[in-house]
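Computed from a prediction, not measured in an experiment: that's the story for all the values here. In what follows, every chain begins at residue 1, and chains take the letters A, B, ... in the order their sequences are listed.
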Amino acid sequence: MIDAQNKKSRGFSKASAETSASRFRRIWLAIVLVTAGLGVLGTLWVGAAKEMLEGQDSSPATGGPAGSMSKEVSPVFTSARRSFFDALKEYFSLQPTPVQPIAFNHRIHIQNGLQCTGCHSGVTQGPDAGIPSVSFCMACHQAIATEKPEIKKLAAYAAKGEEPPWQPVYWFYPEMHVQFQHAPHIRNEIACEECHGDLSKQTVAVGSKNLTMSFCLSCHKAKAVSVDCVICHY
Amino acid sequence: MKRRTFLKLSAVGSAGSALAGCGHQATQLIRFIPDETLIPGVATWKPGICTQCSAGCGLQVRVMQGDAEVFRNGQWGNMKMGLAKKLAGNPEHPVNRGKLCMRGEAGLQATYNPDRIRHPLKRVGQRSSGQFTQVSWDEAMQELLAHLQPLASPHVAQSLAFLTRPLRGQRKVLIERFLSSFEGARLVPFELFDDAVLRTANRLSFGRDQLPTFDLAHSSYVISFGADFLGTWNSPVAQNVAYGRMRQNRSGIRGKFVQVESRMSQTGANADEWVAAHPGTEGVLALAIAHVFLREHLGHPEAAGAAGMRFDGWREGLPEYSPEAIAWKTGVPPETITRLAREMAAQSPAVAVVGGAPLAQTNGLFTALAVNVLNALLGSVGKPGGLQFTPRPPLSASGSAQEISGEGKADSVRSLAQQILSGQPKPIELLLLYEANPVFATPPGWHIKEALGTVPFIVSFSSFIDETSSLADLILPDHSYLESWIDDVPESGTTEAVVSVAPPALRPLHDTRALPDVLLDLAHRLGGRTSQALPWKRFEEMLQATLAPLARHPGSISAKSSDEFWKKVQEQGGWWSANASQVPQSKTPVDFSRPMKNQEPQFAGAAAEYPFYFLPYASQQFLDGRHANLPWMQEIPEVLSAGMWGTWVEINPRTAATLQIEQGDLLEVASPHGKIRAPALLSPGIAPDVIAMPVGQGHEQYGRYANGRGANPIKILAPHDEPTTGSWAWAGTRVNITKAGKGELVLLTGGPTQWGAEKSAR
Amino acid sequence: MAHRWGMVIDLDRCTGCEACVAACHAENNIATVSSEQAAWGRTMHWIHVERYWEGAFPNARARFQPVLCQQCDAAPCEPVCPTYASYHNPDGLNAQVYNRCIGTRYCANACPYTARYFNWFNPAWDKPLHLQLNPDVSIREAGVMEKCTFCSQRILAAEVQARAENREIQDGEVKPACVQSCPTTAMVFGDLDDPNSQVSRLSRSVRATTLLSEVGTLPKVTYLERESSHGSE
């Protein structure tokens, strides 16, 4: 009799233990998922609110924090990125292909004997390679290939006194805090193609090399150059 | 399994939606073709001249390519241009020798200020309402011309006045020449802390109507009566440079520095000995030291004869100024006075400095002359380690400080107000304004706003709307100084003759025009005498022509042609010469028939009702309030109080305890002429019967960073003067204080003796 | 050639003018936080001038002391950073890598000089004030610690220049913004590993002290004590 009772009670508790354990797991999972979901929604909401408020000229003197946040959103929290999607893009180093105002053809120019430094003259002197002004282009193109539609576009900009809005192809997100200096690399005879690919095979420039930090480090290590953080990130 | 799939799907989903985001948004504004070729990321250094105060330091401007929104050909667009990124001192400039003060560094914010006026404006609302609408330059010039033309006629019944900050150099010469063709036109310089008393005293004592230059680098003893010479007074950077050399540049010689004042200033904190004297008694103290010199046959009494004879009792050895006799008056023990006199006689070269509050008393001239006597006794005048004067450059019209008409009473905004209200000798029909803000920086008792407000037409050339320029009917904004041709002839701070010249360091950001060019254009259009007096099209041409004679004198530039000279002058930031001969001293006949007797300082307000002396002091950040619109200046703390973003009332801790005032309590400070409120700040360095407040806040119309912040102590000051010069005695007011609730102090650190341990009062 | 960058501040020359504070703001794109945030203690003056009062009127004395990151050789802020954002670089600098920083603020907690500052907000500059920004210095976003870097951008620029000209950096060639602006020349910067540099010689002065050296941080900023004159007080 006692045995049967014991058995019964053991069986009963075992069954309830199983049920409790899985129930706890399920409740715990539900709590985690709901919290995560709320967190994502919250970030999205603030991000959207922030984009809405972007462009409002708020000043440190108007009482709010020195950010483009207004009184409607919490004065304590400001996001480091403009929106959640911006943060995601940066995290995955996603750089969508830029849309150029004029289909500049590198191949033709290189075939005609132009050197990289002829247009991107800043590389030997400073941090930035630079993109030449339309007046530099027109020095040749006032006479050369003037019937081509792209050159006509160029001439139209020049006539209006405007620069074509060139979009950078190789760039870093500001929050990567990379202070890249071209000149020391050029002085050490690093060829342009090593980081920018062979432009003589490209028409409109595309990012053919993925300039990640490991890309830079591999070359720095191979050439036994400093890999101290501060030489690039300051 | 289900969970993992869910998570994978959400990750892919988010990534996908991220990818769907568009690429770079092309900027909406067009991009102009740049005017200049700059290598991106590479800096060039260009010379400049600082106009943040009247010292006239030379600048080096770091220029780098940047993207700015500019106004060109009638539209806004982006343009790559050279932008000033950092200001530093010009290492070659004789005044500041490569160094710069905090206000100089903040000059970038004056150029890039969001509240800068970007184009000509015309008033639409009531005067002073701040309601303006944009107009074109053509329209603005036409309107101004329409008001100028009738006033240019030979026997016109009305006239005009030009109210500016004190000007020097060819800019001043140009404006004077422009005005000379209008009968009865007045050029009225205005500056709150203008040291007119000191200039008059120097003219009377040494024949030089000019601020002094102190060769501290070679001094062995410096005694300063209230002059904040390491902070805000005279030529602060030059004085700091010299002070650093005085202290540690000479092996074994460090010099001794004594400061005499009633509230410890930033300068006073550096003194080896700090002497507390009652306000307005500094002159008597100086004469007491002179008494000891005469009594004990110290120094150079024979050299001091001319300066000393001004004072009653000089020949008898100044008996009424013995240390024992005046100890009670000054609060300085007689032993201290005697000891100081002996020390400075023994440690030669010694020099005495006076400036600031002691001269802003009704007996300010008396005090200045007394300290000049001391300098004469010390034998410091014109000597190394002593008091000297910046030589005038060898130009016929240099616009230097010494070309003020030698009457001693500089034209004042008060007499202008009187003329406006009375219409005598001629009614003022047109008022031109340039970088002067008397509506903010004068006491209500002068009725400046009321007076200026009655002028039929007011035109401002200032870059900002402030309390004064908001009265304007028409605004033709000047460039900022970094965008302008600037020239200057420093009044003090160097023993070399200096003509500073610098071209613009960056192109104009906004649709503004250089004031000198506007005046030249107007002169040309007016024709007649006016255009004859100013035959140039641009200020650059005028500078090149008028400064060309400098090439003939030995100086910092050697050139074979006048073109080469002009090129080098611009590159260096000016011309200077250590060899320029001193201007002969003016032989003002000295009248000894009425020797000066002791003058007690007069304070507005009876002591019984108003128990405290009130000391408004030039603040480190804002000077007289002109820099309250610069955010760096709001946030960098005043060094002794650590206060930011506000105004405070400095009160002695024992006095505060007696009155049960705690740090942060809101106090109402009342004088016979007004009252203001600010939180209390306990300061160990202030006398128990003195209340001090920094000047500079309390703006109502000066942009987003300045408006509605703090209180303006100028508004409670009594409008009484030093009688001989007519200079305002702004340190001669008494006040009482009452508690008015809880205030807010924004302090960088907590307690005065601990490091961030106490919370800021809130 | 490796250097060991250090600084000497002569308190006998320092007059409390705060030109160094303004120069640092201008050079390093330091945000202005607003008066409300300043009241909360969130200002970010990488260098600021302390004043220490002693005594009471009329014998009150005030001493000035510019305080900045001491670039300690045994920096307490380095071992506590979970992401190695605060680390010691081969030139002796305590470097802050903004990318790695996740804003735990443990380093600020550990610093005995309270020389580290947290970006509570994204900085913003009312246009066109943004044109004052120095392109050579990163803009720190919200959530990141910052502090004095001894103007690393100027040190690196000098190294690049020196290497381009095939020479070593000269003593006095590198001047952080504060050192450059100091009117009394109270501040000197240079290589402590060069025994002949001005900074080395001055740090051996009889007046040399360091701040909170008893804590064992081995700071590389040496202060020269203010002197007093003879025969007075």
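Considering only heavy-atom pairs separated by less than 4.5 Å from chain B, the leading option among C:Cys14, C:Cys182, C:Gly16, C:Gly55 is C:Gly16. With respect to chain B, the highest number of heavy-atom pairs below 4.5 Å among C:Thr184, C:Thr185, C:Thr15, C:Leu11 belongs to C:Thr15. Contact tally against chain B (heavy-atom pairs below 4.5 Å) for C:Ala26, C:Pro58, C:Ala56: the top residue is C:Ala26. Per-residue counts of heavy-atom pairs under 4.5 Å with chain B were compared for C:Ala23, C:Cys20, C:Ala157; the largest is that of C:Ala23. When the candidates B:Ala106, B:Ala84, B:Pro637, B:Cys101 are compared by the number of heavy-atom contacts under 4.5 Å with chain C, B:Pro637 comes out ahead. If you tally non-hydrogen atom pairs under 4.5 Å between each of C:Pro128, C:Ala19, C:Cys17 and chain B, the highest count goes to C:Pro128. Contact count versus chain B (heavy atoms, under 4.5 Å) is highest, among C:Ala177, C:Ala186, C:Ala60, for C:Ala60.
With a threshold of 4.5 angstrom between heavy atoms, C:Val179 approaches chain B through N, CA, C or O but not through any side-chain atom. At a 4.5 Å heavy-atom cutoff, C:Asn59 makes no contact with chain B through either its backbone or its side chain. Using a 4.5 Å cut-off between heavy atoms, C:Arg226 contacts chain B through its side chain alone, with no backbone atom that close. In this structure, chain B has a heavy atom under 4.5 Å from the side chain of C:Asp10, while its backbone stays farther away. Only the side chain of C:His45 comes within less than 4.5 Å of a heavy atom of chain B; its backbone N, CA, C and O stay farther away.
Checked by atom type and distance alone, the side chain of C:Arg51 never pairs as donor or acceptor with a backbone atom of B:Gln266 at under 3.5 Å. Of the possible donor and acceptor atoms, none in the side chain of C:Asp171 sits under 3.5 Å from a partner among the backbone N and O of C:Ser197. Judged by distance alone, with hydrogens and angles left aside, the side-chain atoms of C:Ser205 form a donor-acceptor pair with the main-chain N or O of C:Arg207 at under 3.5 Å.
Considering only heavy atoms from C-beta on, B:Met644 stays 4.5 Å or farther from C:Val33 through its side chain. The shortest side-chain heavy-atom distance between C:Glu27 and C:Arg154 falls under the 4.5 Å cut-off.
A salt bridge between B:Arg263 and B:Asp228 is absent, with no side-chain N of the basic residue lying under 4.0 Å from a carboxylate O of the acidic one. A salt bridge is absent between C:Arg63 and C:Glu50; no separation between the charged side-chain nitrogens and carboxylate oxygens falls under 4.0 Å.
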